[in-house]
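The first residue of the sequence shown is numbered 1, and numbering continues consecutively from there. Only heavy atoms go into these numbers, but all of them, side chains included; no hydrogens, no water, no symmetry mates.
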Amino acid sequence: MMRIFAPTGSARIGVTALALALALTLPVAPSLSQETGSKEEGSQEIDRYCTNISDKAADERHAMQTRELTQLRADIDSRIEQLDAKRKEYEVWLKRRDDFIDKAEDSLVGIISKMRPDAAAAQMALMGDEAAAALLLKLNPRVSSVILNEMPADKSSKLARVIVGSRTVPAERTAQ
């Protein structure tokens, strides 16, 4: 005869807890495989989302870079316009300066040609070699020769060299 084991009070609670734990673990095993499958589906869905949004993100980056380049182009164009305006302003100023210098040279030629030769020679001896030579070239040759004759010999020889086109002689070499 076979005897069936019937648990008593505390053993009954232990058996019930064991049965409950076993019952909870059995349905979990199939759900783990479902979670693994849903994780794979979720991973694929995330990949699809990232792929779809990466095109939009690239488009947005491209649009942002295009806006930045357009803004930079506008800034550069503005600066070019400012530089062109300054260049035109300087050209006007330079033309006025050149006109003034031409008038001043013509006036100075007229003044020197009317001066006494010794006074003109003294004034021209104090000028730079190139400026004095340019004035002598613009004067009547007869007036130029008289002025050169009145100048100190070293200064008149320097001016003659500049006029001939040899070169400007340094100050140290004239003392020799």
Side-chain angles (χ1 to χ4, degrees), residues 28 30-115 119-141 143-145 147-148 151-152 154-176:
V28 170
S31 75
L32 281 177
S33 65
Q34 287 176 353
E35 283 182 21
T36 306
S38 68
K39 280 185 182 181
E40 288 176 12
E41 283 179 23
S43 174
Q44 290 174 352
E45 189 173 326
I46 290 171
D47 289 343
R48 278 182 285 166
Y49 174 77
C50 290
T51 303
N52 290 339
I53 200 159
S54 70
D55 292 339
K56 291 178 184 176
D59 291 344
E60 184 59 34
R61 275 193 307 272
H62 178 70
M64 182 178 65
Q65 289 172 347
T66 303
R67 285 190 303 269
E68 288 175 358
L69 287 174
T70 304
Q71 179 63 36
L72 288 173
R73 170 58 82 189
D75 291 345
I76 289 171
D77 290 342
S78 170
R79 289 182 183 177
I80 288 173
E81 289 174 8
Q82 290 173 348
L83 288 173
D84 283 342
K86 277 290 185 190
R87 183 182 50 83
K88 288 177 183 175
E89 182 181 325
Y90 285 135
E91 285 175 353
V92 167
W93 179 84
L94 187 60
K95 183 171 179 0
R96 285 189 359 216
R97 179 183 166 272
D98 288 344
D99 291 344
F100 174 77
I101 288 173
D102 289 341
K103 287 177 186 176
E105 284 179 359
D106 292 340
S107 297
L108 190 57
V109 168
I111 291 169
I112 289 180
S113 66
K114 293 177 183 173
M115 289 175 78
Q123 292 295 320
M124 291 181 76
L126 298 174
M127 289 183 174
D129 293 343
E130 289 83 15
L135 282 173
L136 286 172
L137 287 174
K138 288 187 176 187
L139 289 171
N140 182 343
V143 175
S144 295
S145 65
I147 291 173
L148 277 173
M151 280 187 186
D154 62 333
K155 182 68 173 183
S156 63
S157 67
K158 280 187 202 177
L159 293 178
R161 287 183 191 151
V162 171
I163 290 170
V164 171
S166 62
R167 64 182 176 149
T168 303
V169 180
E172 303 92 42
R173 292 194 58 182
T174 59
Q176 295 177 350

Mind checking the [atom1]-[atom2] spacing from [X] to [Y]? Nearest 0.5 Å is all I need.
X: R161; Y: K158; atom1: CZ; atom2: NZ; answer: 9.0 Å
X: L72; Y: R67; atom1: CG; atom2: CZ; answer: 13.0 Å
X: L83; Y: S78; atom1: CG; atom2: OG; answer: 9.5 Å
X: D75; Y: I80; atom1: CG; atom2: CD1; answer: 11.0 Å
X: E130; Y: L135; atom1: CD; atom2: CG; answer: 12.0 Å

- Message: Under a 3.5 Å distance rule, please check whether S113 uses its side chain to pair with a backbone N or O of L139 as donor and acceptor.
- Response: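 No; zero donor-acceptor contacts below 3.5 Å.
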- Message: What verdict does the salt bridge (charged side-chain N to carboxylate O under 4.0 Å, His left out) test give for K95 and D99, after you've listed the backbone C-alpha separation in whole Å, the side-chain angles of each residue and the deciding distance to 0.1 Å?
- Response: CA-CA 6 Å; K95 183 171 179 0; D99 291 344; 3.4 Å; yes
Which pair of non-hydrogen atoms, one from [X] and one from [Y], has the smallest distance, and what is that distance?
X: L159; Y: A133; value: CD2-N, 3.8 Å
X: M124; Y: L136; value: CE-CG, 3.4 Å
X: D154; Y: S157; value: O-OG, 2.8 Å
X: M151; Y: A125; value: CE-N, 4.1 Å
X: V109; Y: K138; value: CG2-CB, 3.6 Å
X: M127; Y: K155; value: O-NZ, 2.9 Å

- Task: Please examine the side chains of R73 and T70, heavy atoms only from C-beta on, and report whether any two atoms are closer than 4.5 Å.
- Result: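 Counting from C-beta outward, T70 and R73 never come under 4.5 Å.
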- Message: Around atom CZ of R87, are there more than 12 heavy atoms from other residues, nucleotides or ligands closer than 6.0 Å?
- Response: yes
